[in-house]
Trainee: 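Before anything else, here's the structure in question.
A, B, ... follow the sequence lines: proteins, then strands. Residue 1 opens every chain.
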Amino acid sequence: MKQYGLAARERIKSKRDFENIYQSGTTIQSSDKKIKAIYVVETDNLQPGVQVAVAISKRAGGAVWRNRFKRLIRESYRLNKTRLVDYCVEKKQTAKVIFSTGTLNQKNYGSLRLKTVMPGMIEVMEGIKRLI
RNA sequence: AGGUCAGUCCGGGCAAUUGCUUCCCACUUUUGUGAGAGGAGGAAAGUCCGAACUUUAUAGAACAGGGUGCCGGGUAACACCCGGGGAUAUUAGGAGAAAUUUUAAUAUCACUGCAAGUGCCACAGAAAAUAAACUUCCCGGUUUAUGACGGGUAAAGGUGAAAAGGCGGGGUAAGAGCCCACCGCUUUGAUGGUAACAUCAAAGGCAAGGUAAACCACACCCGAAGCAAGGUCAAAUAGGAAGAUUCUUUCCGGCAUUGCCGGAAAACAGGGUUGUUCGCUCUGAUAAUCUUCGGGUAGACCGCUAAAGCCCAAUAGUAAUAUUGGAUUAAGAUAAAUAAUUGCCGCUGCUUCGCUAACACUUCGCAGGACUGGUUAUUCUGUAUAACCGAUCCUAUGAAGCUCAACUUUCGUUGAACGAAGUAGGACAGAAUUCGGCUUACAGGGCUGCUCUAUUU
RNA sequence: CGGAACGUGGCGCAGUCCGGUAGCGUACCUGACUGGGGGUCAGGUGGUCGCGGGUUCAAAUCCCGCCGUUCCGA
């Protein structure tokens, strides 16, 4: 497996998973409330690891803005995922996480940069790791 | 040289690292790994029209409903495009006393019909639609006179968005298309034009206010739903159909005693077919177990990208466009890929520094390469090759010329231009079955045309 | 991606079909009744009818184009 990759296997795809996470998941936010995440942990799984998805509300901005934000979140997850994944494999758990916008929207930040997204992401991922 | 407007094209480039995805090849038991090739737009947007495609209906008909509306052409089709005609508005000029008319330029036009029918036209005004008569005007008899009464008329006044052809003359008691000239209108005919329509002539004698983006009439077109259409394969759970076994209530008859056998009933309602009607058509009380069968959800695959395609040339046509020939293969995701970061270059704005030498600029030259078009030659023809000419781009490079404006006696100062460094900005916007249009959003830049301004000749 | 509906004072709604005066409840302001508050009564303020064009003498209403909000279909 590539160290900084994000293959289709590591993403959440089925509708049932989404419904399950939104019903029984735990929400966590970054300190500046830009990013929020909702996750669920399953212990009895054959392949331990982390599965991820990004969900952005239509209210947040136009299609171009939402596309860019999603790509930036995925980029920052890819570059920082190693510690979280190793931790889950150690404990033989599967974590399913959906990242989403907090207060961030197109009116606040018209043009996004990776610098504005990365610190919040790292903070949220550390928080998840602590809580598992 | 700069600006407005119109049309058209582009809408950053290159490299490195890290990733996603489709196709294909190799390795691999699968999962995967590696190499190669490809990977958002002019509007992909709004979803406003038109089609292709798919399902449904295939037993249809009528009505209802929706759309379009000068003429001709184009197209698969259109509410789109091209050409023409007409009307309206604005500006400028001409004619006329005026109403009005005419010429030119520009812009706009859902531009059939209100001399088929029905409806509506607030307020004001006498009257808002088979006209009518408030004030005035005129006549009559009556009265001292005014007035009132009976009649004529619609020219003048006033109201309104709009008042029943306009204007001038004749005519008259006063008036009136009552009569006449000009203009408008209607009808008929002739000429030109495929046609819309235009021009001319004759007649009518005003009959015909506006509104159809009011109902409606006329002509033409449209069945409905939409890729979440639809098709194929197909877990788990629940339910359906057929067969076998067991099984409900009421009534009648028989055996006969609370059971068995036979027959009838529980029943008129609910659907389907296009929204409605006609017409057509389907279903039938009901529980449990077993077996078989079909439908079908999650999921997977197909639909899914080669098409009314794009580029170039020739021919036909005023043009839209068509035909022929050549060249080319160009995203296909599905909780949804097409990206992120860094560096260099290029563009625009701001700040600082520099100054006659360089850079840049202008003029005259010149070498090589790329790409494209034309001409000629070789060749039976095409392809191909070679030579020459033209446009564009890239790389390298020789000679000559030179900073500009304002203020100031000068020194110089300020600004522009140029160069260097730093810094900021870099539009609108993201395929979702596919095309043709329309509409809307858009920093900046290139080219062409028209026109305006400034400078030089 | 496809298909529908709505937009009118601060708030919730009529009026749009069939064109001419924008109205109702509540809120707000003023006054009266009360010793005061609440309540009742009387009077009043407040609306580019989402935006831009067109038709018409005249548009919230009819037609066209935009903007925003909400709902439905796996």
Trainee: Just to verify, what does Glu75(A) make a side chain to side chain donor-acceptor pair (under 3.5 Å) with, not counting sequence neighbours?
Mentor: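 Residues passing side chain to side chain donor-acceptor pair (under 3.5 Å) with Glu75(A): Arg78(A).
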Trainee: For nucleotides G175(B) and A92(B), find the distance between their C1' atoms and express it as a whole number of Å.
Mentor: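 Going atom to atom, C1' in each nucleotide, I get 44 Å.
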Trainee: For Arg66(A), give me all partners under side-chain contact (heavy atoms from CB on, under 4.5 Å), at least two apart in sequence or on another chain.
Mentor: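 With sequence neighbours excluded, Arg66(A) shows a side-chain contact (heavy atoms from CB on, under 4.5 Å) to Ile56(A), Lys58(A), Ala63(A), given in chain and number order.
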Trainee: From the set A335(B), G19(B), A337(B), return the single nucleotide nearest to any side-chain atom of Ala53(A).
Mentor: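 Minimum distance to the Ala53(A) side chain belongs to A335(B).
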Trainee: Could you tell me the separation between the CE atom of Met121(A) and the CG atom of Leu79(A), rounded to the nearest 0.5 Å?
Mentor: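 Here the rounded value is 10.0 Å.
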Trainee: Give the stems involving RNA chain C, where a stem is 3 or more consecutive Watson-Crick or G-U wobble pairs (i with j, i+1 with j-1, and so on) under 3.5 Å.
Mentor: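 Result, WC/G-U stems under 3.5 Å: C:1-7 with C:67-73, C:10-13 with C:23-26, C:28-33 with C:39-44, C:50-54 with C:62-66.
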Trainee: Would you please name every residue forming a salt bridge (Lys or Arg N to Asp or Glu O under 4.0 Å) with Glu123(A), sequence neighbours left out?
Mentor: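 With sequence neighbours excluded, Glu123(A) shows a salt bridge (Lys or Arg N to Asp or Glu O under 4.0 Å) to no residue whatsoever.
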Trainee: If you check the Arg74(A) side chain, which of U341(B), G430(B), A337(B) turns out closest?
Mentor: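 The nucleotide sitting nearest to the side chain is A337(B).
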Trainee: Provide the distance between the two P atoms, one in G157(B) and one in A145(B), to the nearest whole Å.
Mentor: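 About 33 Å, rounded to a whole number of Å.
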Trainee: Distances for protein N/O vs nucleotides 70-74 of chain C N/O pairs under 3.5 angstrom?
Mentor:
from, atom 1, to, atom 2, distance (Å)
U70(C), OP1, Arg59(A), NH2, 2.7

Trainee: Please state the C1' separation for the pair U321(B) and C82(B) - nearest whole angstrom.
Mentor: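 These two C1' atoms come out 9 Å apart once rounded.
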Trainee: For Asn80(A), check side chain to side chain donor-acceptor pair (under 3.5 Å) against everything at least two apart and list the hits.
Mentor: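 For Asn80(A) there are no side chain to side chain donor-acceptor pair (under 3.5 Å) partners, ignoring immediate neighbours.
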Trainee: Consider the side chain of Glu75(A), meaning its heavy atoms from C-beta on, and name the nucleotide among A340(B), G19(B), A336(B) that approaches it most closely.
Mentor: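 Of A340(B), G19(B), A336(B), A340(B) is nearest to the side chain of Glu75(A).
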Trainee: For the side chain of Leu72(A), counting heavy atoms from C-beta on, which of G430(B), A337(B), A340(B) is nearest?
Mentor: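 Closest nucleotide among those given: A340(B).
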Trainee: Check every atom of U18(B), A339(B), A337(B) against the side chain of Arg71(A) and return the nucleotide holding the closest atom.
Mentor: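 The closest nucleotide is A339(B).
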Trainee: Where the side chain of Asn67(A) is concerned, which of G430(B), A340(B), G19(B) is the nearest nucleotide?
Mentor: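 Looking only at heavy atoms from C-beta outward on Asn67(A), the closest nucleotide is G430(B).
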